[in-house]
Structures are given as structure tokens and as C-alpha cells.
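Worksheet: one structure, shown below.
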Amino acid sequence: MPSAVLHGLLSLATVVFLIAGPVAFAQEGDWDDDDWGDDWGDESLSPSPWTGFLELGLGARTGSDPVIDDDLTLGELRLRLETDRDLGAARLGFKGDVYYDAVTDQFEGELREMALSFSPVSSADLKIGRQVLTWGTGDFVFLNDLFPKDFQSFFSGRDDEYLKAPSDTIRASWFGDAFNVDVAWSPEFEPDRYLTGERFSFFSPPAGTIVAPDSGRVGAPDEFPEDGEIAVRIFANASGAEWALYGYRGFFKGPEGLAMNGQLFFPRLNVWGASLRRPLGPGLINAEVACYDSRDDSDGTNPGVPNDQLRFLLGYEQELITNLTLGLQGYLERTLDHSALLAASPAPSLEPEHNRAVLTARLTYRAFRDRLTAGLFTFASPTDGDYHLRPSITYRWSDEWTFTAGANLFGGDDRHTFFNHLSGNENVFVRARYNF
């Protein structure tokens, strides 16, 4: 079933449910006069409530951009509504946003979840519809998590929740005595929401200058069903250790391919990997590995297609003192057939390093009974000589009101490297959220 049809059917089901739900509830009760007493205020008899938040977010560049005139990187008033309804043998989850975006000067909407969950047998679950998926052990570093990401949100100052983008997916989970299995099939390929000139400019190695490309997406693969994507996870918890095996078949999540005619495209991709997380001393250690099989460049001689890669991650998290937590990660990206890539490349100096390393650190301090949270997340690459800093502070004024401020800072030695190609987009942001 094509994803658009699936999405449409679930939209219709949601509308019918929202209209018919209260009526069905009314038919279940006995409406004699005696039942109008204390039960009127009994929340257990009422349908699941709507919850959500209203949030104002503002963000601006700290310097001038040579390509983009607008200094605003975040300017929105956002309303979130969500609910979770029990339908007897199934549950329907809904989570949606509507907001005014001052950067684009438009009203926008996003359906983050509208999925039906049920158990066809006692040892299996199905979740069908629009949903946000995540797995793997990395903190802001993704190896085997090939579900879509929203990097426009990540770099502009929206809540970290919005780094994970939704997709229309059928997820099946089976639970066994020795291990469990997750299968996530998206009938339609969902790419990352990668950077465009809508909010950010960046250095383009092919152009040799700073660019702000059109916000229109490069055409993503859309043939049904051959251009869908499937992800599989086999996982278990044994003796306090969590282990998992992963597989993925689909496409690179960004338009990383460059055709002979200069057109960008999404190369085909297979990924195989594994992860482990367990206690070690006073903290937690995690390790992850992934093999990226670039199916459109098996011998590594096409400079317009990413090479095969091996990716490794090792992390450790520990509470140093009361309320102060430190998380460290080391990430290595080894490009295979690197010598063949350099030999075929028209610009070898702009190609990725044979071994690219990134170190991350997350420092989190909580105070005033967790009402105040101050944090700093750093990315630093010793091989590329660049960095990305994300300081933030959040204060929970009450159960309803939360205030957040933060920044995104970039820098480095070479203009074409992963983080430094965004240099010039440094920004600060503030958010005020009212929960209801």
C-alpha cells in the first residue's frame, strides 16, 4: 500500500474517531438519573484528554551572512496538540503541530504522529502510520539509526525533539524468550531535512564558494515499492547488557551523489551493524559499529558517489558529582577504497580524510530540584580541525512554564570540512513554552 494511501486512510480514521469517540463513549454508559452524581467528575470515565504546549521561539545570527540578508534563523509561534485514545483492541496516537514561521512568512503544519497500535498475537505488536522512530546508542551521533533527521531544526535552535523527523512506517515487533525483533518498513523513502538556503548558507566544495541553495528538495526516489526502505533490529538484554544487530536497505539520507550532468541524487545504500550498552564502574559504556555499503560505487572509483565506510563509536557516561553528569564519545569514520577515490577525484584535497575522527562531550548540571538545567554539548574533530558548540540553559518556572536559551557556534581550519563549512551561521536562540 503506497504511503500516501496509508496516510490518507489514517487521516480519515482519526477524523471518524474524533467525531464518533464521544458518541461511542456515551453509548457505553447507563444514563439513568442516579448516574449523574459523583460520576460526573470522575476522570476515569472521560475520553483521553488533549495535551500539548504553546511555544514562542526566536533565534538570530551573531554575525552577518554574505549570502542571506535575513538575520533571523528562528521565529515561530508553535501550537502542539496530542492525545492517545484507547479503542479497545488498539490504540490511536496523535501528535501534531501548527505554527507561524517568520523566516518563511508562512503558516506551517506538521503531523508528527498518527499511528494505530495493536497486538495481533500476544508476542507481537504492530504500529502503522506516521511516527518518529529511533534506535542505536549514540548521543547526537547516528550510525545504525537511518530514520530521517531534521538538521534545519537542529541548527536553528528548536527543541532537540525536532532533530528526529517523522516518517510513514509500518513497524512490527516480535518478543521472544532469547531475543526480540523490530522491522520498520517505509513504503516511501523519507530523506533527511538537510540544509538549504532557507535559513543557512554554507561552503560548497564543487562551487568553491559560500552558497544558499534553493529550498526546493532534490527529487528523492519515489518508485513504489522498490524505492521504499526497510530497517531491521534484533536485540536483547542479557545480564544487564543491551545488545543489538541492525540491517538497513534504502538510500543515503541526503543527496550525496553528483551525476555527470551536475544533478544531485540519493545513492543506494545498505548498512549492517551492531551495538552494545552495559554498566561499567559507576557509569554506562556503549559501543556501536556500522558497515556502509554504497551500492552505486562498489569499487570506490566514482568521485560523485560516497565510498563504502566503516563507522565506529565508543561512549561513556557518568555522574561526576551530585547533579553533574559527563558523557564522552569517540567516533571514527574510515573511508574504504580511499586511494581509488583520490586517484579518480578532480579535487583530491577536498575529499574526506581516510580516517575522520570526532570527539563529543556532553556536560549537564542540574540545580534547584532539577528546575534549572545547564548544558554544553561539543563536537570536535581532531582530523578535520573543526568544531560545533551547543551551550544551553533551561529553567522550569512552574509545571506549565519553561524557558530555554542557547547557541550554535562553528569554527575550524579548512572551509570545506563538516562543521566549518557552516561557519558564519553562528546563532543564539530563546524559547518560552507553556504546557497544558
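Note that these values count all heavy atoms, side chains included, but never hydrogens, waters or copies made by symmetry.
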For [X], is the [atom1] atom crowded, meaning more than 12 foreign heavy atoms sit under 6.0 Å from it?
X: Arg366; atom1: CZ; result: no
X: Trp272; atom1: CH2; result: no
X: Arg415; atom1: CZ; result: yes

Out of Phe142, Phe235, Phe147, which one pairs with Trp135 under the ring pair (Phe, Tyr, Trp, His ring centres under 6.0 Å) rule?
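Going through Phe142, Phe235, Phe147 one by one, the ring pair (Phe, Tyr, Trp, His ring centres under 6.0 Å) with Trp135 is satisfied by Phe147 alone.
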Heavy-atom closest pair, residues [X] and [Y]:
X: Arg199; Y: Ser156; value: CD-CB, 4.4 Å
X: Ser275; Y: Glu288; value: CB-CG, 3.8 Å
X: Leu245; Y: Ala274; value: CD2-CB, 3.8 Å
X: Thr73; Y: Asn427; value: OG1-CB, 3.8 Å

List the steps, then state whether ring pair (Phe, Tyr, Trp, His ring centres under 6.0 Å) holds for Trp50 with Phe436.
CA-CA 9 Å; Trp50 289 91; Phe436 57 85; 10.0 Å; no
Among residues two or more places apart or on two chains, list those pairs meeting ring pair (Phe, Tyr, Trp, His ring centres under 6.0 Å) that have a residue in residues 278-326.
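Counting only pairs at least two positions apart or across chains, no ring pair (Phe, Tyr, Trp, His ring centres under 6.0 Å) contact touches residues 278-326.
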Any heavy-atom pair between the side chains of [Y] and [X] that's under 4.5 Å?
X: Asn425; Y: Arg61; value: yes
X: Thr364; Y: Thr373; value: yes
X: Asp297; Y: Asp299; value: yes
X: Asp413; Y: Asn420; value: no

Over 60° means perpendicular and under 30° means parallel, so classify the ring planes of His338 and His354, tilted if in between.
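Aromatic pair His354/His338 classed parallel.
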Parallel, tilted or perpendicular: ring planes of Trp401 versus Phe403, cut at 30 and 60 degrees:
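Plane angle under 30°, so parallel.
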Starting at CZ of Phe224, measure out to CD of Glu188 and round the result to the nearest 0.5 Å.
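Answer rounded to 0.5 Å: 9.5 Å.
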Nearest 0.5 Å, what's the CZ-OG1 distance between Arg396 and Thr402?
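It is 7.0 Å, given to the nearest 0.5 Å.
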Checking [Y] against [X]: is there a side-chain donor and acceptor pair closer than 3.5 Å?
X: Ser173; Y: Asp182; answer: yes
X: Gln309; Y: Thr335; answer: yes
X: Thr83; Y: Arg85; answer: yes
X: Thr383; Y: Glu353; answer: no

Sequence neighbours left out, what passes ring-ring contact (aromatic ring centres under 6.0 Å, His included) with Tyr100? Give chain and number order.
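For Tyr100, the residues satisfying ring-ring contact (aromatic ring centres under 6.0 Å, His included) (neighbours in sequence not counted) are Phe107.
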Could you tell me whether Arg371 sits above the aromatic face of Phe368, with NZ or CZ closer than 6.0 angstrom to the six-membered ring centre and within 45 degrees of the axis?
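Checked: cation-pi criterion not met.
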Is the NZ or CZ atom of Arg193 both under 6.0 Å from the centre of the six-membered ring of Tyr162 and within 45° of that ring's axis?
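Not flagged: Arg193 not positioned over aromatic ring of Tyr162.
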Determine the sole option in Arg362, Arg390, Arg277 for which the salt bridge (charged side-chain N to carboxylate O under 4.0 Å, His left out) test with Asp139 is passed.
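That would be Arg362; it is the only one of Arg362, Arg390, Arg277 passing the salt bridge (charged side-chain N to carboxylate O under 4.0 Å, His left out) with Asp139.
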Assess whether ring pair (Phe, Tyr, Trp, His ring centres under 6.0 Å) is satisfied between Trp174 and Phe179, documenting all intermediate values.
CA-CA 9 Å; Trp174 175 82; Phe179 61 87; 5.8 Å; yes
Going through the checks in order, is the ring pair (Phe, Tyr, Trp, His ring centres under 6.0 Å) test met by His388 and Phe155?
CA-CA 10 Å; His388 174 205; Phe155 291 125; 5.3 Å; yes
